[in-house]
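Worksheet: the structure to be examined is printed underneath.
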Amino acid sequence: MNIKKKIIYNRIILKISGEFLQGKNLSGIDNKLLDYIIQEIKSILPLGIEIAVVIGGGNLFRGKYCNGNNNLKRVLGDQIGMLSTIINGLLLYQSIKNKLINVYLMSSFPIQGICTGYNAFKAIDLIKNNIIILTGGIGNPLFTTDTAACLRGIELEANAIFKATNVNGVYSKDPINYSDAKFFNKIDYDYVIKKKIKIMDNTAFILARDYNMPIHIFNIQKPGSLYRILTGTIEGTIIKNK
Ligand code: UDP
């Protein structure tokens, strides 16, 4: 059911990090947070917005843990990291399905009997009636799922990327350590890149900048934040071209 409400986008990519899913645990998944994220997603479905979720894997494994010193090479670490995103994706998939919501999972590389391979054209067809979960990052080592979010956003002709974080948005400096840190409601990519503000890796930003893909950085811990932004409330930070 679509409700009449002014919406600012028709199709979005929601990037959820593994770190968010682990909550206060040192690793793994906090089921309460999984349920919470599904509630937040469910709340926007009546708006008729099409949504693909790019899921991270940092709660289970990150490639940088393998730095050669432990006899494990970075590429191997990244492969394990990409598999971690599939594990998170499968859990998210099942939890969404349990709520009787249409959902479809793809991975940048297929695993026979577990998940199908990513196909942009198929995803564009399916996204009309399903939440699409995109796993496996971009399928190559040395990248991140933030880059995957921007890349898939461009491929799937999304209107914007929503990066769910535990912070309110982008500040000029770390607001915990600097009381004079300035909060930005709006900022441009080149400024973020020039000032080396750490929100996403540069590859992700440059892709978004070159293809004019707005990125919203917002605090997913504030209930209803996704809904509010999508219905026009100024909340969090929007990064776009000047
Ligand atoms: N990764 C990768 N290629 C990709 C995406 C991810 O090699 O395209 C690996 C990388 O090792 C990364 C890990 O998967 O550390 C988990 O992804 P990410 O760090 O983006 O997860 P998040 O921080 O969002 O939980």
Side-chain angles (χ1 to χ4, degrees), residues 12-31 33-34 36-37 40-41 51-93 95 105-111 114-115 117-120 123 132-156 161-167 170 197-208 211 213 215-221 226 239:
I12 62 159
I13 302 283
L14 175 64
K15 163 68 209 294
I16 301 168
S17 68
E19 204 180 339
F20 174 77
L21 291 178
Q22 86 185 31
K24 293 200 167 67
N25 301 327
L26 291 178
S27 68
I29 289 196
D30 180 337
N31 280 327
L33 290 173
L34 199 56
Y36 172 78
I37 205 85
E40 292 299 290
I41 293 173
I51 173 167
V53 178
V54 170
I55 185 101
N59 55 322
L60 302 177
F61 206 86
R62 286 185 198 279
K64 65 180 179 198
Y65 299 152
C66 297
N67 53 14
N69 295 336
N70 46 10
N71 282 329
L72 296 172
K73 294 216 158 92
R74 173 65 191 255
V75 170
L76 172 74
D78 283 337
Q79 287 166 342
I80 300 171
M82 287 187 274
L83 288 170
S84 304
T85 71
I86 299 179
I87 294 172
N88 283 335
L90 288 168
L91 288 163
L92 182 63
Y93 171 85
S95 310
L105 182 140
M106 288 183 180
S107 162
S108 52
F109 49 92
I111 301 182
I114 298 182
C115 52
Y118 169 74
N119 176 316
I132 309 285
I133 301 177
L134 298 171
T135 66
I138 71 160
N140 288 93
L142 310 177
F143 289 91
T144 66
T145 51
D146 283 346
T147 298
C150 293
L151 181 65
R152 299 300 184 229
I154 296 160
E155 286 179 279
L156 301 183
I161 311 294
F162 278 70
K163 181 173 161 78
T165 70
N166 297 334
V167 293
V170 181
I197 299 175
K198 284 223 171 318
I199 321 161
M200 279 183 165
D201 53 279
N202 279 351
T203 319
F205 273 126
I206 287 165
L207 259 179
Y211 288 85
M213 176 66 65
I215 303 174
H216 286 263
I217 310 291
F218 71 105
N219 191 343
I220 189 75
Q221 287 180 321
L226 186 59
I239 307 169

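This one's a predicted model, so the numbers in the text were calculated from it and none came from an experiment. Whatever order the structure lists ligands and atoms in, that order sets their numbers, starting from 1. Heads up: numbering here begins at 1 and tracks the sequence.
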Discussion item. Checking contacts here: is it the side chain or the backbone of Lys15 that comes within 4.0 Å of ligand 1, counting heavy atoms only? Could be both or neither.
Written reply: side chain
Discussion item. Which of the numbered atoms in ligand 1 are under 4.0 angstrom from any heavy atom belonging to Gly18?
Written reply: 22 (P), 24 (O), 25 (O)
Discussion item. Between the side chains of Lys24 and Asp30, is the shortest nitrogen-to-carboxylate-oxygen separation below 4.0 Å, so that they form an ion pair?
Written reply: no
Practice prompt. Please report the shortest heavy-atom distance between Gly139 and Phe109, naming the atom on each side.
Written response: CA-CD2, 4.2 Å
Worksheet entry | Ser27 backbone acceptor or donor facing Asn59 side chain under 3.5 Å | no
Worksheet item: When only distance counts, is Ile138 in polar contact with ligand 1, meaning an N/O pair under 3.5 Å?
Response: yes
Discussion item. With nothing but distance in play, are any N or O atoms of Arg62 less than 3.5 Å from an N or O of ligand 1?
Written reply: yes
Item to complete: Ignoring hydrogens and angles, tell me if any N or O in the side chain of Thr145 forms a donor-acceptor pair with the backbone of Gly137 under 3.5 Å.
Response: no
Discussion item. Quick check: Asp78 and ligand 1, any N/O pair under 3.5 Å apart?
Written reply: yes
Practice prompt. With the side chain counted from C-beta on, respond yes when Arg74 and Lys64 share a heavy-atom pair under 4.5 Å apart, and no when they do not.
Written response: yes
Worksheet entry | Element-labelled atoms of ligand 1 that are located less than 4.0 Å from some non-hydrogen atom of Phe61 | 13 (C), 16 (C)
Worksheet item: Backbone N or O of Ser108 within a donor-acceptor pair of the Thr135 side chain at under 3.5 Å?
Response: no
Practice prompt. Could you say whether the N/O atoms of Gly56 and ligand 1 ever approach to under 3.5 Å?
Written response: no
Discussion item. Would you say that Lys15 contacts Arg152 through its side chain, given a criterion of any heavy-atom pair below 4.5 Å between the two side chains?
Written reply: no
Worksheet item: How are the rings of Phe218 and Phe162 set to each other: parallel, tilted or perpendicular (split at 30° and 60°)?
Response: perpendicular
Practice prompt. Please work out which of Gly63, Ala148, Gly81, Gly58 has its closest non-hydrogen atom nearest to atom 15 (O) of ligand 1.
Written response: Gly63
Worksheet item: Which residue and non-hydrogen atom of the protein lie closest to atom 21 (O) of ligand 1, and at what distance in Å?
Response: Gly57 N, 3.1 Å
Item to complete: Scan Ile206, Leu207, Asn140, Leu142 and name whichever one has a side chain to side chain contact (heavy atoms under 4.5 Å, CB included) with Thr147.
Response: Leu207
Worksheet entry | Distance-only N or O hit between ligand 1 and Thr145, under 3.5 Å | yes
Item to complete: Say whether Ile16, considering both its backbone and side-chain N or O atoms, lies within less than 3.5 Å of an N or O atom on ligand 1.
Response: no
Worksheet item: Do any nitrogen or oxygen atoms of Gly137 come within less than 3.5 Å of a nitrogen or oxygen of ligand 1?
Response: no
Discussion item. I need the nearest protein heavy-atom contact for atom 1 (N) of ligand 1: residue, atom name and distance, please.
Written reply: Phe143 O, 3.3 Å
Worksheet item: N/O to N/O below 3.5 Å, does that happen between Pro141 and ligand 1?
Response: no
Worksheet item: Got a donor-acceptor contact below 3.5 angstrom from the Tyr211 side chain to the Gly153 backbone?
Response: no
Worksheet item: What atoms of ligand 1 come closer than 4.0 angstrom to any heavy atom of Asn140?
Response: 2 (C), 3 (N), 4 (C), 7 (O), 8 (O)
